[in-house]
Amino acid sequence: MNNLPMRLPDVGEGVTEAELVEWHVNVGDFVREDDPIADVMTDKATVEIPSLYEGKIVERTGEVGDVLAIGTNLVRIETEAEGPAEPEETGAGDPQPTPTKPLNKPPPVDRSSATVVPTTRLAIAPPRKEGSPVLASPAVRFRARNAGVDLRQVHGTGPAGRVTEADLETFVTNGPAMAPLSWRQPRQGDTEIKVFGLRRKIAERMSLANARIPHITVVEEVDVTALEDLRAKLNDSRGDKPKLTMLPLISAALCKAVLDHPEMNAHYDEDASIIRQHAPVHIGLATMTDAGLVVPVIRNAEALGLFETAEEIAELSATARDGTATRDKLTGSTITITSLGPLGAIAMTPIINHPEVAILGINKMEIRPHWDGTQFVPRKKMNLSASFDHRVIDGWDAAVFVQKMKTLLETPALIFVEA
C-alpha cells in the first residue's frame, strides 16, 4: 500500500491561494477516483477538488475558512495506486508542489478534472424550502440510501442548506428535530456564525467599495405609466418569447443613456489614476441568492433586443441562484443595476460595484397621485436611486445622467429612436 499526498492543484488564472469552504470527506473515509474531496473558493467561484486515487483518507489538512496556498497537501490517501514521487526538499526546506492535472475548462460530464461553478454558499443556511432540491455530497447520499433515510427530511446546516455527514448522523441518532418552543419562551445563549466563502468575499468587496469610493446618491421620481403600457402590449403579442419584466426596458434605456454619458460606463483605477471608459455596455445584475449577493453580467447589452435581454436575464438569474454560472458570467461588468424586487422600498443608497463608477437602483412601482394641471390623476411611478463615484463624477453630471434616464423611461419611444 502507498500513502500518497493529494495537493491543492493550480486552478489557473494566476491564483496563488484558495479558501477552503467545504470538506466532503473525513479521516477514515474510503473514496474512489474522482469522488469529491473538498470545495475551495477563488474570487466568487467555487472549485470542486476530486480525488486522484482510490483508497482511504488517512490525513486531511485545514479547516473550513482556512486560506491555503496552491500546492498545500489537502489529504493523504492510503492506496494501491502508483503516484508521483515525493517532492524533493529545497534549500529552505519547503516541498515543491507536485504537478497536477489542469482544472480549468472541464468537459461538461467527464469529472477527470475539477468542475468550476459559482459559489452560492453560506456557513449556516436557513431550512430548505418545500420542494427545493436536496444538496448533499455523493458520500452523504450513499450513506443515506444504506441507512434508509430520505434526505428531504434532514435539515441541512451546511453551505446553502447542504446536508452534511453530521446532519445525517444527528438525524439517524435522534430522528427529526423536535418542534421549536413557543417564541414567548425565554431564550439564552448566542450563536456564532463563521464568515467564510462567498459571504466573506461579499464583506471584503463591500468594505473595499465603502473605504475607497466616496459615494454620491441621486434619487428621482419617474412616471413609468407609458413604459408599463408598452411592456403590457409587447407581452400580449410575444408569442413563445420570454415574458418581459421591467428590467429589459431599463437595460435598453441605460444603454441609450451612456451614449451621451460614456463617463458612467467606466472603471476607475485609483492606483494608476486612470479612468477607463468602455465602449461595450456589460450590465451587472445584482442578484440575491441563498448564499448572498452575486452579480451576473449581461455582456454587450447594447446589441441585444428586448426579448433577447429578457432571455439572458432569466438564464443568468437562474444559474446564479442554482450555482451553475461560470466565472465568465460573474465578472467584467462595466455598470450595475440593482433592485430590491417586490420589496422595492421608496429609495435606497446602492453601493458601487468596485471598480465601476456608477450603479442604478430600481425601487418599487406604485400608484401615486399626479397633478396634471387641473386635477390629480393616478399614475404608475417609481423612484430611481443612482450612486456615483464622486472622485470622477461631479454632482451636476450625476444629476444630468439621472434626468436622461428619467426622460427615456417616461417617453419610451425615445429609447428606440436612432440618434
> If you look at every heavy atom in A286 and T336, which pair is closest and at what distance?
Replying inline: N-CG2, 4.2 Å

>> So, taking the atom named CG in L168 and the one named CZ in R143, what distance separates them when rounded to the nearest 0.5 Å?
In response: 8.5 Å

>> Does atom CH2 (W396) have a neighbourhood of more than 12 heavy atoms from anything else shown, all under 6.0 Å?
In response: no

>> Just so I know, are the side chains of L227 and E410 near enough to count as touching, which here means a heavy-atom distance under 4.5 Å?
In response: no

> So, D223 and K381, do they make that salt bridge, N to O below 4.0 Å?
Replying inline: no

>> Can you tell me if K56 has over 12 outside heavy atoms packed within less than 6.0 Å of its NZ?
In response: no

> Under a 4.5 Å cut-off applied to non-hydrogen side-chain atoms, are H261 and D397 in contact?
Replying inline: no

> Just wondering, are more than 12 heavy atoms of other shown residues or ligands nearer than 6.0 Å to CZ in R276?
Replying inline: no

> Does the side chain of E165 come under 3.5 Å of the side chain of N26 through a donor N or O and an acceptor N or O?
Replying inline: yes

>> Side chains of H354 and E270: any donor to acceptor distance under 3.5 Å?
In response: yes

>> Quick one: does any side-chain atom of E22 pair with a main-chain N or O of A38 as donor and acceptor, under 3.5 Å?
In response: no

> With a 4.5 Å heavy-atom cut-off, do I335 and L360 have their side chains touching?
Replying inline: no

>> Regarding E312 and K329, does a basic nitrogen lie under 4.0 Å from an acidic carboxylate oxygen?
In response: yes

>> ring pair (Phe, Tyr, Trp, His ring centres under 6.0 Å) for H267 and H278? Distances and angles first, verdict last.
In response: CA-CA 8 Å; H267 288 172; H278 300 282; 4.5 Å; yes

>> For the backbone of L68 and the side chain of T72, can you confirm whether one donor and one acceptor N or O come within less than 3.5 Å of each other?
In response: no

>> What's the separation between atom CD1 in I274 and atom CG in D269, rounded to the nearest 0.5 Å?
In response: 6.0 Å

> Does any N or O in the side chain of R368 come within less than 3.5 Å of the main-chain N or O of P378, such that one atom is a donor and the other an acceptor?
Replying inline: no

> So which heavy atom on V297 is nearest to which on T331, and how close?
Replying inline: CG2-O, 3.6 Å

>> Between N210 and I351, is there a side-chain heavy-atom distance shorter than 4.5 Å?
In response: no

> Are E366 and K380 ion-paired here, with the side-chain N under 4.0 Å from a carboxylate O?
Replying inline: no

>> Under 3.5 Å, is there a donor on one side chain and an acceptor on the other for N73 and R60?
In response: no

>> Is there a side chain to side chain contact (heavy atoms under 4.5 Å, CB included) between T407 and M405? Walk through the geometry before answering.
In response: CA-CA 5 Å; T407 299; M405 286 294 302; over 6 Å; no

> CD/E228 to CE/M382 distance, rounded to the nearest 0.5 angstrom?
Replying inline: 9.0 Å

>> Quick check for you: to the nearest 0.5 Å, what is the distance between T338 atom OG1 and L293 atom CG?
In response: 6.5 Å

> Taking the side chain as C-beta and beyond, is there a heavy-atom pair between E33 and Y53 under 4.5 Å?
Replying inline: no

>> Please find the pair of heavy atoms, one from E59 and one from T61, that lie closest to each other, and give the distance.
In response: OE2-OG1, 4.3 Å

> Is the closest side-chain donor-acceptor distance between T287 and S317 under 3.5 Å?
Replying inline: no

> Between S137 and V140, is there a donor-acceptor pair closer than 3.5 Å when you use the side chain of the first and the backbone of the second?
Replying inline: yes

>> The test is side chain to side chain contact (heavy atoms under 4.5 Å, CB included); show your working for R200 and V67 and say whether it passes.
In response: CA-CA 12 Å; R200 184 154 74 182; V67 177; 3.6 Å; yes

> Between Q153 and F171, is any pair of side-chain heavy atoms under 4.5 Å apart?
Replying inline: yes

> So, T164 and D167: side-chain donor and acceptor under 3.5 Å apart, yes or no?
Replying inline: yes

> If only atom types and distance count, is the side chain of T319 paired as donor or acceptor with the main-chain N or O of L316 below 3.5 Å?
Replying inline: yes

> After noting the C-alpha distance and the side-chain angles of H215 and F388, does the key distance pass the side chain to side chain contact (heavy atoms under 4.5 Å, CB included) rule?
Replying inline: CA-CA 6 Å; H215 286 62; F388 305 89; over 6 Å; no

> Does any non-hydrogen side-chain atom of I250 lie less than 4.5 Å from one of S339?
Replying inline: no

> Would you say E308's side chain and G305's backbone share a donor-acceptor pair under 3.5 angstrom?
Replying inline: yes

>> Testing the basics here: between I352 and A358, what is the closest heavy-atom pair and its distance to 0.1 Å?
In response: CG2-N, 4.1 Å

> Hey, is the main chain of P280 close enough, under 3.5 Å, to the side chain of N265 for a donor-acceptor pair?
Replying inline: yes

>> I'd like to know if the side chain of D34 pairs up with that of S51 as donor and acceptor (distance under 3.5 Å, no hydrogens or angles considered).
In response: no

>> Between E263 and Q277, do the side chains contain a donor N or O and an acceptor N or O under 3.5 Å apart?
In response: no

> Is there a donor-acceptor pair closer than 3.5 Å between any side-chain N or O of R379 and the backbone N or O of I367?
Replying inline: no

>> What's the separation between atom CG in L208 and atom CD1 in I213, rounded to the nearest 0.5 Å?
In response: 7.0 Å

>> If you compare all heavy atoms of V25 against all heavy atoms of P36, which two are closest, and at what distance to 0.1 Å?
In response: CG1-O, 3.8 Å

> Under 6.0 Å from the CD atom of E311, do we count more than 12 heavy atoms belonging to anything else shown?
Replying inline: no

> Side chains of N383 and S385: is there a donor and an acceptor less than 3.5 Å apart?
Replying inline: no

> Okay, side chain of K256, backbone of S251: is any donor-acceptor separation there less than 3.5 Å?
Replying inline: no

> Is there side-chain contact between I57 and W23, with at least one heavy-atom pair below 4.5 Å?
Replying inline: no

> So with a 6.0 Å cut-off around CZ of F142, is the heavy-atom count from everything else above 12?
Replying inline: no

>> Walk me through whether S387 and T217 qualify under side chain to side chain donor-acceptor pair (under 3.5 Å).
In response: CA-CA 4 Å; S387 292; T217 300; 2.8 Å; yes

> Closest approach of P248 and T309, non-hydrogen atoms and distance?
Replying inline: CA-CG2, 3.9 Å

> Going through the checks in order, is the salt bridge (charged side-chain N to carboxylate O under 4.0 Å, His left out) test met by D328 and R299?
Replying inline: CA-CA 10 Å; D328 181 61; R299 297 198 173 276; 3.6 Å; yes

> Take atom CD1 in I346; do more than 12 heavy atoms of anything else shown fall under 6.0 Å from it?
Replying inline: no

>> Applying side chain to side chain contact (heavy atoms under 4.5 Å, CB included) to V295 and L285, what does each step give before you reach the verdict?
In response: CA-CA 5 Å; V295 186; L285 292 177; 5.7 Å; no

>> Let me confirm one number: the CG-CZ distance from D240 to F307, rounded to the nearest 0.5 Å.
In response: 10.0 Å

> Between E356 and T334, do the side chains contain an N or O donor and an N or O acceptor separated by less than 3.5 Å?
Replying inline: no

>> Counting only heavy atoms from other residues, nucleotides and ligands, does the tally under 6.0 Å from CZ of R32 exceed 12?
In response: no

> Do we see a donor-acceptor contact under 3.5 Å between the side chains of D39 and H24?
Replying inline: yes

